[in-house]
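Below is one structure, written out as structure tokens; the observations come after it.
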Amino acid sequence: MSDYVIRPLKTLEELQAVEALQRLVWDDPTTVIYQHMLISLARNGGSILGALRGEQLIGFIISYLGTEAPESDRPAMANLKLVSQRMAVQPEYRGTGVGYDLKLAQRRFAIEQGIRLITWTFDPLVSRNAHLNIRKLGAIGQVYYRDYYGSGDSALVKLHSSDRLLAEWWVTSNRVEQRISGRRSNLTLQQYVDGNANILNPTGVSAQNLPTPAEQVEQPQSTLALFEIPSDYDAILNSDVGLAEAWRAHSRDVLERLINNEGYAVTDFIHGEYEGRSRSFYVLSYAEYSEIRINRFSTN
Ligand SMILES: CC(C)(COP(=O)(O)OP(=O)(O)OC[C@H]1O[C@@H](n2cnc3c(N)ncnc32)[C@H](O)[C@@H]1OP(=O)(O)O)[C@@H](O)C(=O)NCCC(=O)NCCS
């Protein structure tokens with residue numbers, strides 16, 4: 001689908017439409033970024049890009065300038081990055097490439113500003129977002145945050161938890177250029193397995209036909225490992241709360257340890273049919289990106 005244009009949103013009416021789309025998606029007043037804040041962002045170096053089909057706003061992405069590592073002895077200017085705060089697409093247009101196009105427009109905006117890094121956080125249990133962020137866009141994940149938005153009542157918190165993976169998108173890197181130009185061929189699950197990556201936690205299936213976390217988790221046997229997540233965590237949230245909690249505990253336990261303590265980074269994501277089921281796997285690589293591991297803001 002390409003009958004839409006992507007451009008910066010500036011007028012009050014356009015920014016009202018961004019507020020309205022957030023209400024539709026999150027349905028929670030504590031989560032909506034209100035029009036006055038959007039106006040401030042749009043007029044002070046932030047970026048609010050909209051995908052418009054005629055007059056209709058079908059998607060948006062909001063970002064602002066931020067800095068990396070405030071405790072560094074380098075001035076903020078040396079650490080400028082773009083922080084991608086929020087993206088949403090109207091439900092009926094999802095899965096047709098609008099989100100991807102919005103991210104590419106955001107990348108162009110960053111490059112025009114001389115910025116090389118865009119960061120954002122996403123729930124590591126949401127396969128759709130992992131596929132877009134890691135596989136299609138070429139972002140990497142080197143930091144796991146426990147309860148990034150706390151554990152209280154909010155649309156950003158599910159079952160008292162808001163764990164997030166930090167996506168780092170090094171927009172001018174070879175890796176990203178190759179991904180978005182299609183010059184990098186996508187490796188399959190089998191190719192990773194043949195390359196010595198073991199599946200740390202092959203899932204089982206519940207009586208309701210939902211994926212269940214492995215009881216035993218293997219250790220990585222090489223510098224590459226595969227970590228499985230459900231392909232549709234929302235379906236589990238909606239039908240089996242206990243299982244959804246078990247998935248959070250399981251993925252937190254493994255990903256937090258491997259990423260924050262043992263030096264693995266998320267470098268790829270695979271989603272597809274495997275052994276007759278829809279399956280999703282993070283690819284974790286040891287030390288591949290350690291040279292750009294930088295100090296992070298603490299959430300404490
Ligand atoms: C996240 C969001 C903005 C993505 O927008 P979108 O227009 O649907 O994104 P795209 O169509 O460009 O990309 C989605 C990709 O995920 C794939 N996908 C869909 N379901 C999937 C699943 N269960 N597992 C893995 N990939 C999946 C799609 O097939 C598509 O990939 P493809 O182009 O290779 O086929 C949109 O889903 C949304 O508004 N979600 C609610 C708000 C939200 O979660 N925002 C992000 C956090 S702020």
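Both counts, for ligands and for their atoms, begin at 1 and track the order of listing. Treat the numbers as computed from the prediction; the structure is a model and nothing was measured.
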Strictly below 4.0 Å, N to O, side chains only: are E273 and R279 in salt-bridge contact? no
Result for side-chain contact (heavy atoms from CB on, under 4.5 Å) between I229 and one of P211, S127, P124, P213 points to S127
One finds that the ligand 1 atoms under 4.0 Å from a non-hydrogen atom of S127 are 22 (C), 24 (N), 25 (C)
Atom 38 (C) of ligand 1: of R94, R135, R86, the nearest heavy atom sits on R94
Between H250 and W247, how do the two ring planes meet: parallel, tilted or perpendicular, split at 30° and 60°?
-> perpendicular
Scan the protein's non-hydrogen atoms and note whether one is under 4.0 Å from atom 45 (N) of ligand 1. yes
Short version for M87: what comes under 4.0 Å of ligand 1, heavy atoms counted, is both
Per-atom filter on ligand 1: closer than 4.0 angstrom to a heavy atom of V98 are 7 (O), 12 (O)
Filtering R128, Q90, K103, H131 for the heavy atom nearest atom 31 (O) of ligand 1 leaves H131
Check: F227 ring centroid to Y282 ring centroid under 6.0 Å:
no
Quick look: S231 vs ligand 1, heavy-atom contacts under 4.0 Å, and the answer is backbone
Between D234 and K158, is there a salt bridge with N-O shorter than 4.0 Å?
-> no
Per-atom filter on ligand 1: closer than 4.0 angstrom to a heavy atom of T96 are 11 (O)
With heavy atoms and a 4.0 Å threshold, my read on which part of Y233 contacts ligand 1 is neither
Item to complete: Run the salt-bridge test on D163 and R146 with the 4.0 Å N-O cut-off and return the result as yes or no.
Response: no
The atoms of ligand 1 lying under 4.0 Å from a heavy atom of G97, numbered in the order shown, are 10 (P), 11 (O), 12 (O)
**Prompt:** From atom 29 (O) of ligand 1, is the closest protein heavy-atom distance below 4.0 Å?
**Reply:** no
Ligand 1 to Y100, heavy atom cutoff 4.0 Å, flagged ligand atoms 12 (O)
Is any NZ, NE, NH1 or NH2 atom of the basic residue among R248 and D253 found under 4.0 Å from an Asp or Glu carboxylate oxygen of the other? no
